[in-house]
Structures are given as C-alpha cells and as structure tokens.
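Structure first, then comments.
Owing to the predicted nature of the structure, the values given are computational and were not obtained by experimental measurement. Quick note: residue numbers are just sequence positions, from 1. Just follow the structure's listing: the first ligand is 1, and inside any ligand the first atom is 1.
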Amino acid sequence: MKFATKAIHAGQEPDPTTGAVMTPIYQTSTYWQKSPGDNKGFEYSRGTNPTRKALEGCLAALENAKYGLAFSSGMGATDAVLKLLSPGDEVITGDDLYGGSYRIFTKIFANYGIKFYFINLADPANVLPYINDNTKLIWIETPTNPTMQIVDIEGVAKIAKAKNVVLAVDNTFASPYLQNPIDLGADIVMHSVTKYLGGHSDVVMGALMLNDEDLYKRLWFIYNACGATPGPQDSFLVLRGIKTLHLRMRAHCENGRLIAEYLKNHPKVDKIYWPGFTDHPNHHIAKKQMRDFGGMISITLKGASLEDTFKVASSFKVFTLAESLGGVESLINHPATMTHGSIPKDVREKVGVVDSLLRLSVGVEDIEDLLDDLKQALG
Ligand SMILES: *Cc1c(COP(=O)(O)O)cnc(C)c1O
C-alpha cells in the first residue's frame with residue numbers, strides 16, 4: 001500500500017461488533033474473561049486497548065515497520081528506549097537536540113550511571129572515536145530542533161550495525177511522510193506524535209516503531225511495566241489526525257518553501273536554517289533521505305537583543321507565540337527561553353541557539369496571510 005492509503009486505512013477495520021467504519025473509542029480499563037486467561041486478547045488497558053491497537057498498526061505502517069507502540073508523550077517513548085540500558089552503558093547523541101531530550105539524558109538517566117556524549121553529527125564518522133564496548137545506543141535527531149542540522153541516517157546506521165549498537169532516530173521534525181529511518185537502516189524510530197502526526201495541537205502523545213521482534217518484546221515489557229501508555233480518546237484523535245497527514249505535509253512543505261525564500265533575503269534576518277537551501281551544509285543528504293524539506297524554519301534577527309527578539313516574537317497576528325510544532329496553525333517559538341530553556345546558555349549558544357533565534361512552524365493557512373504577518377512583525 002502507498003502512503004496516503006496507509007494513512008487512511010492501516011491498522012483499521014470496520015468494528016467487528018457493529019460494522020462502524022471509524023474505530024470506536026473503547027473507553028474501558030478492563031475486559032471480561034470467560035475463565036481466567038480466556039479472553040479476546042485484551043486484559044487491561046495499560047497493556048492493550050483496541051483503539052490504541054488500531055493506532056499502533058497505523059503508526060507502524062507509516063514507518064514501514066512491523067511494530068508500533070504508542071506512549072502518552074514523546075518523552076514517555078524516549079524514556080522507554082533509555083530503560084533498555086543499564087548502569088555503565090554509553091550513549092552517543094547529537095549536540096543539537098530537543099531540549100526535553102537533553103534534559104532527560106542529563107538530569108535523569110545520567111544519575112543512573114549512563115554516560116552521554118553530545119557530538120556534532122554532520123559527518124557519520126564523527127561517532128567512531130566515541131564507540132567502545134559500553135556503547136549501546138546512538139540517538140539522533142534529523143532535522144535537528146531547532147537549527148535544522150541534517151544527519152546522514154544511512155551513514156550512521158552502517159556504523160551502528162557494524163559495531164552492534166542500537167540506532168534510534170527521533171523523526172518528529174520530518175514526520176513519516178518526509179522520511180523513513182527504518183528503510184535507511186535505523187533500529188527504532190521515535191515520534192512526538194503531538195506534532196505532525198497528531199497535527200491539530202490537541203493531543204500529547206509519543207510513539208516507537210521498529211522491526212526487531214526481540215527489541216519489540218523488551219520495549220513492550222517496559223511499556224506495560226512502566227505504564228506511560230495513552231488512553232482511547234487520544235488514540236482516536238490521532239487516528240483521525242493521521243488520515244490527512246499526507247495532505248497536510250504537502251501544504252506545510254509548500255508554505256515552508258515560500259516562507260524560507262521570503263526570509264532568506266529579508267534585511268532583518270541574519271542566519272536562516274532550512275534544509276531546502278542548496279547552501280545548507282548537508283543539503284545533499286537532506287535531498288537523498290527526505291522527500292521534501294518541511295515547514296520548520298529557524299532564523300536569527302540581525303543585531304537583535306533578547307528584548308528586541310521578544311518584541312518581534314510578540315507582534316505576530318496569525319502566527320501564535322507558543323511551544324510545540326507540526327499543527328495546522330502556524331506557531332512561532334523562542335527556543336532559548338521556551339523549548340530549549342533547560343539547556344545551559346553556553347551549551348546551546350555553541351550550536352547556534354542564541355537569544356536572537358526564532359523558530360517557525362509553518363502551518364497550512366493561506367500563504368498570503370502568513371507572508372503579510374511576517375512582513376508586519378519583522379517590520
Ligand atoms: C516535542 C518533541 C519531543 C517530545 O515530545 P512530547 O510529545 O512533547 O513529549 C521530542 N523530540 C522532538 C524533536 C520534539 O519536537
């Protein structure tokens with residue numbers, strides 16, 4: 001099946017009891033057993049729920065994976081992957097990451113004796129000096145949040161495979177419509193479903209997709225044992241959101257391109273980060289591993305202080321100043337104080353997360369209104 005068909009149908013069948021075309025919201029915590037253990041495959045909703053199961057089938061299909069696991073947030077999904085590790089294990093990851101990922105690595109799992117290396121991943125070979133017998137996981141994000149660095153997934157996957165290290169890719173920024181890391185050799189794909197997959201800024205959810213049965217069993221054990229699993233209402237909302245993922249992504253990419261081109265020559269803009277530009281340092285890799293370049297764009301404002309930047313960020317009328325991304329509505333975010341506020345100033349500034357940086361999540365509104373809003377806000 002092709003992507004659009006999977007987005008609408010995968011994991012879903014007419015409801016066996018009523019024939020309902022849309023998967024019902026099975027709002028139940030528990031299930032009748034005829035005699036202990038004699039049930040219809042559902043026992044307790046922390047572990048399994050029919051609405052969530054339909055969603056997990058759909059999520060797996062979108063990433064060309066065998067298995068999908070839905071979590072109550074992206075961080076819940078990340079937490080489950082990290083719980084595969086033991087004290088003494090080492091993780092290699094990028095130096096530009098979602099702030100919450102940096103926080104869970106350094107403030108939670110580092111306390112449990114796990115060591116993290118934050119390195120520049122512009123070239124996959126950069127991981128080599130950090131790999132040793134204790135290396136158990138490579139965690140990459142591409143495009144990165146918020147400076148839109150591109151990591152060569154296939155290149156890193158080759159090294160990970162040769163060294164017997166699990167490769168997990170946070171694919172939130174690209175969405176499964178633009179990029180499928182498992183096809184490029186990754187072992188686990190993670191999504192903040194809150195973003196493009198949900199698509200309507202009305203649900204917080206996470207997901208893992210993977211092919212390896214043994215790894216799936218270990219992750220399912222963590223999922224059920226630790227319990228960060230989403231309820232049926234949220235699962236339903238995401239099933240519904242995904243049905244238009246391909247349509248939304250085309251519109252995000254189209255608006256994203258027009259806005260990136262507009263901002264590139266704007267006199268108030270200093271740097272612009274968007275992988276679709278041919279002068280982006282890893283544009284050729286983005287072109288190879290992504291179907292299009294998406295609607296996430298970051299800019300720095302020329303000579304702007306924190307105060308100047310706040311003033312611009314607060315003056316939008318169509319873009320909404322808010323954390324998060326990937327919804328139908330356009331958002332503007334100030335990473336240094338919002339999404340990436342948990343990263344120390346010297347660490348974030350090294351990779352370009354400076355006070356004058358703004359991140360745009362370009363929505364699917366009319367492009368004329370978005371361009372007019374940028375015009376008036378930037379002045
Ligand atoms: C939002 C986000 C997360 C965390 O997901 P939540 O659903 O907010 O828990 C992880 N990675 C990236 C790239 C994100 O943008």
Distance from atom 2 (C) of ligand 1 to nearest protein heavy atom, with residue and atom: Lys195 NZ, 2.5 Å
Check: Phe71 and Asp79 side chains under 4.5 Å, non-hydrogen atoms: no
Contact (N/O only, under 3.5 Å) between Met75 and ligand 1: yes
Side chain, backbone, both or neither: the part of Leu325 lying under 4.0 Å from ligand 1 by heavy atom: side chain
Identified ring pair (Phe, Tyr, Trp, His ring centres under 6.0 Å) partner of Tyr196 from the options His191, His252, His246: His252
Minimum-distance protein heavy atom relative to atom 13 (C) of ligand 1: Asp170 OD2, 3.3 Å
Pair Lys317 + Asp369, salt bridge at N-O below 4.0 Å: no
Nearest-neighbour protein heavy atom for atom 6 (P) of ligand 1, which is reported as residue plus atom name and distance: Gly74 N, 3.3 Å
Heavy-atom check, side chain of Phe118 versus side chain of Phe105, under 4.5 Å: yes
Under-4.0 Å salt bridge between Arg250 and Glu254: no
Protein heavy atom at shortest distance from atom 7 (O) of ligand 1: Thr194 OG1, 2.7 Å
Nearest neighbour in protein (non-hydrogen) for atom 4 (C) of ligand 1: Tyr98 CE2, 3.4 Å
Which of the ligand 1 atoms, numbered from 1, are nearer than 4.0 Å to a heavy atom of Asn145: 15 (O)
Heavy-atom donor-acceptor pair, Asn171 side chain to Asn180 backbone, under 3.5 Å: no
Heavy atom of the protein closest to atom 5 (O) of ligand 1 (residue, atom name, distance): Ser192 OG, 3.0 Å
Numbered atoms and elements of ligand 1 in range of Ser73, under 4.0 angstrom, heavy atoms: 7 (O), 9 (O)
Lys2 to Tyr177, cation-pi by 6.0 Å centre distance and 45° axis angle: no
Min N/O separation Ser101 to ligand 1 under 3.5 Å: no
Test ring pair (Phe, Tyr, Trp, His ring centres under 6.0 Å) applied to His283 and Phe293, Tyr273, Phe277, the passing residue: Phe293
For Met205, atoms of ligand 1 separated by under 4.0 Å from a heavy atom: 7 (O)
